[in-house]
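In what follows, a single structure is set out as structure tokens and then discussed.
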Amino acid sequence: MPAERIRDLQSEKLTSQVRHVYDHVPYYRSLMDQKGVRPEDIRGIKDIGKLPFLSKEDLRETYPYGMLAVPLSDCVRIQSTSGTTGKRVIAYYTQHDVDLWEECCARAIVAAGGSREDVVQVCYGYGLFTGGPGLNGGSHKVGSLTLPMSSGNTDRQIQFMMDLKATILCCTPSYASYIGESLKESGYKPEDNFLKAGIFGAEPWTEEMRRDIERLLGIKAYDIYGLTETSGPGVAFECAAQNGMHINEDHFYAEIIDPATGEPLPDGEKGELVFTSLDKEAFPLLRYRTRDICVLTREKCSCGRTHVRMSKPMGRSDDMMIIRGVNVFPSQIEAVLLKEGYAPNYLIEVDRVNNSDTLDVYVELLPEQFTDTVGGITAMEKKLAGAIRTMLGIGPIVHLVAPKSIKRSEGKAVRVIDKRKLHD
Ligand code: ADP
Ligand code: ZN
């Protein structure tokens, strides 16, 4: 659809969505009343800036059903966040909402080359977490043969992948990397499996990690983004251009704001991503602040899709660590590790000793890097610490540790332990 028509469609949907929310969600109605905005003031997307924001705190405050915009008897499902950053938030869906979400996931699978001929192995967790159910439903909608594996039990994942000739793998990037590593250990070469593509998301991952996984599995790796509050995965997905994720703009309107002031920023500028769901029924959040930091672009995409693209989120604003006054994202450290030839198996530990922040990075050696000479290891640690210092502007202490000594993740990886929080 040409951009202008998308905008008209969004305007039309927004107008009725605001009315729906105002009439059925007392919590949001009072936010609008406080701001002095009436539903009739919103005549299209151009007026969206008049609406109040919603944040995770609002959802915690209204837990469990304070955002419900339809009778509970119209709902058919709940899902919940992973609780990465605090108390869980729950989301509720009517059958229409489930269909809408699954259609978004179906688009992601098709964009990665999927069709009814494919065998889609879903090893995101099933249950409250949205990853498994979302991609499972999307795969059904495409008509692919779906393997509802859920996460974990890696030996069984590999056995089914080979026996049933899976062609598309869906999981977190950290689990994809773990599966790749396990395949290699079982003696398989990248060309031995039948996979052609992977759809990986739910956590931040770098371009370096993408290339690493592509090499390890012999596939093309596509990014997928979403959050429970908007539905789940599939809000945005990569096309063959692998250059930013197309947002399903007919269902979700995206804005970028300055996280400090709430002011909207123009395309191309980095800021916090804010979503308005345009046609969800049960849990229709307006101007929801994701805390994810990224950039939007409307430049033409070589795939032909006209939907706006978002860059990889560089981490959540609350993932960012301030160490000795410097802003540090785990993804920056990951990029250096992979560039220096290490595997993405690492743990970042931040602490405060004598009022000064400390940064320790534990990195696993690959079996072929393993050496018995202490001098050799020390030199490697120094070199890596230097490369990280060049990237961040502050120096870490690097600890190279034995292969397989850092716990692997089957879902969202935990990369940071910030012990300073214990002292606060
Ligand atoms: P929680 O907030 O508890 O982790 P969710 O499971 O709903 O709950 O996770 C949504 C969050 O996961 C997003 O806000 C974002 O920070 C992160 N995320 C999801 N997909 C991606 C992706 N492709 N790249 C980076 N981060 C992602
Ligand atoms: Zn594209």
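Read the numbers this way: they start at 1 and go in the same order the structure lists the ligands and their atoms. Note that these values count all heavy atoms, side chains included, but never hydrogens, waters or copies made by symmetry.
- Heavy atoms of other residues, nucleotides or ligands lying less than 6.0 angstrom from NZ of K383 number 12 at most.
- Without hydrogens or angle criteria, S311 side chain to V295 main chain gives a donor-acceptor distance under 3.5 Å.
- Listed by number with element, the atoms of ligand 1 under 4.0 angstrom from any heavy atom of P313 are 24 (N), 25 (C), 26 (N).
- Proximity of L285 to F275: side-chain heavy atoms (C-beta onward) are nowhere separated by under 4.5 Å.
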Verify side chain to side chain donor-acceptor pair (under 3.5 Å) between N345 and Y362, making sure each step is shown before the conclusion. CA-CA 9 Å; N345 299 317; Y362 295 85; over 6 Å; no
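- For E269, the CD atom sits in a packed shell: over 12 heavy atoms of surrounding residues, nucleotides or ligands are nearer than 6.0 Å.
- At least one heavy atom of F129 sits closer than 4.0 Å to an atom of ligand 1.
- If you number the atoms of ligand 1 from 1 as listed, the ones under 4.0 Å from a heavy atom of T228 come out as 5 (P), 6 (O), 7 (O).
- Under a 4.0 Å criterion applied to the non-hydrogen atoms of D223, ligand 1 contributes the atoms 22 (C), 23 (N).
- Residue T130 does not touch ligand 1, judged by heavy-atom distances below 4.0 Å.
- Using a 4.0 angstrom heavy-atom cutoff, K412 counts as in contact with ligand 1.
- Checking only distances, K56 does come within under 3.5 Å of ligand 1, N or O to N or O.
- Looking at heavy atoms from C-beta onward, P39 lies out of side-chain contact with T15 at the 4.5 angstrom threshold.
- Between T276 atom OG1 and E255 atom CD the span is 5.5 Å, to the nearest 0.5 Å.
- Between K312 and ligand 1 there is no heavy-atom distance shorter than 4.0 Å.
- Under the 3.5 Å distance criterion, the side-chain polar atoms of K280 are matched with a main-chain donor or acceptor of F283.
- Using modelled atom types and a 3.5 Å distance limit, the side chains of E229 and Y288 yield a donor-acceptor pair.
- Side-chain contact, E334 with Y346: a donor N or O sits under 3.5 Å from an acceptor N or O.
- Within the protein, the N, O or S atoms sitting under 2.8 Å from the Zn ion (ligand 2) are C239 SG, H246 NE2, C301 SG, C303 SG.
- Polar contact check, A202 against ligand 1: a nitrogen or oxygen pair lies under 3.5 Å apart.
- Near G201, meaning under 4.0 Å from one of its heavy atoms, ligand 1 places the atoms 23 (N).
- We find the OG1-CG distance between T81 and L128 to be 9.0 Å, quoted to the nearest 0.5 Å.
- Between the side chain of S409 and the main chain of G411, a donor-acceptor pair closer than 3.5 Å is present.
- Where the criterion is an N or O separation shorter than 3.5 Å, residue side chain and backbone included, T290 fails it with respect to ligand 1.
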Begin from the C-alpha positions of Y124 and C170 and carry the test side-chain contact (heavy atoms from CB on, under 4.5 Å) through to its verdict. CA-CA 7 Å; Y124 285 108; C170 305; 3.7 Å; yes
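- Contacts with ligand 1 closer than 4.0 Å are made by no heavy atom of E238, backbone or side chain.
- Below 3.5 Å of separation, one finds no N or O of W205 facing any N or O of ligand 1.
- Near D292, with a cut-off below 4.0 Å to any heavy atom, the atoms of ligand 1 are 13 (C), 14 (O), 15 (C), 16 (O).
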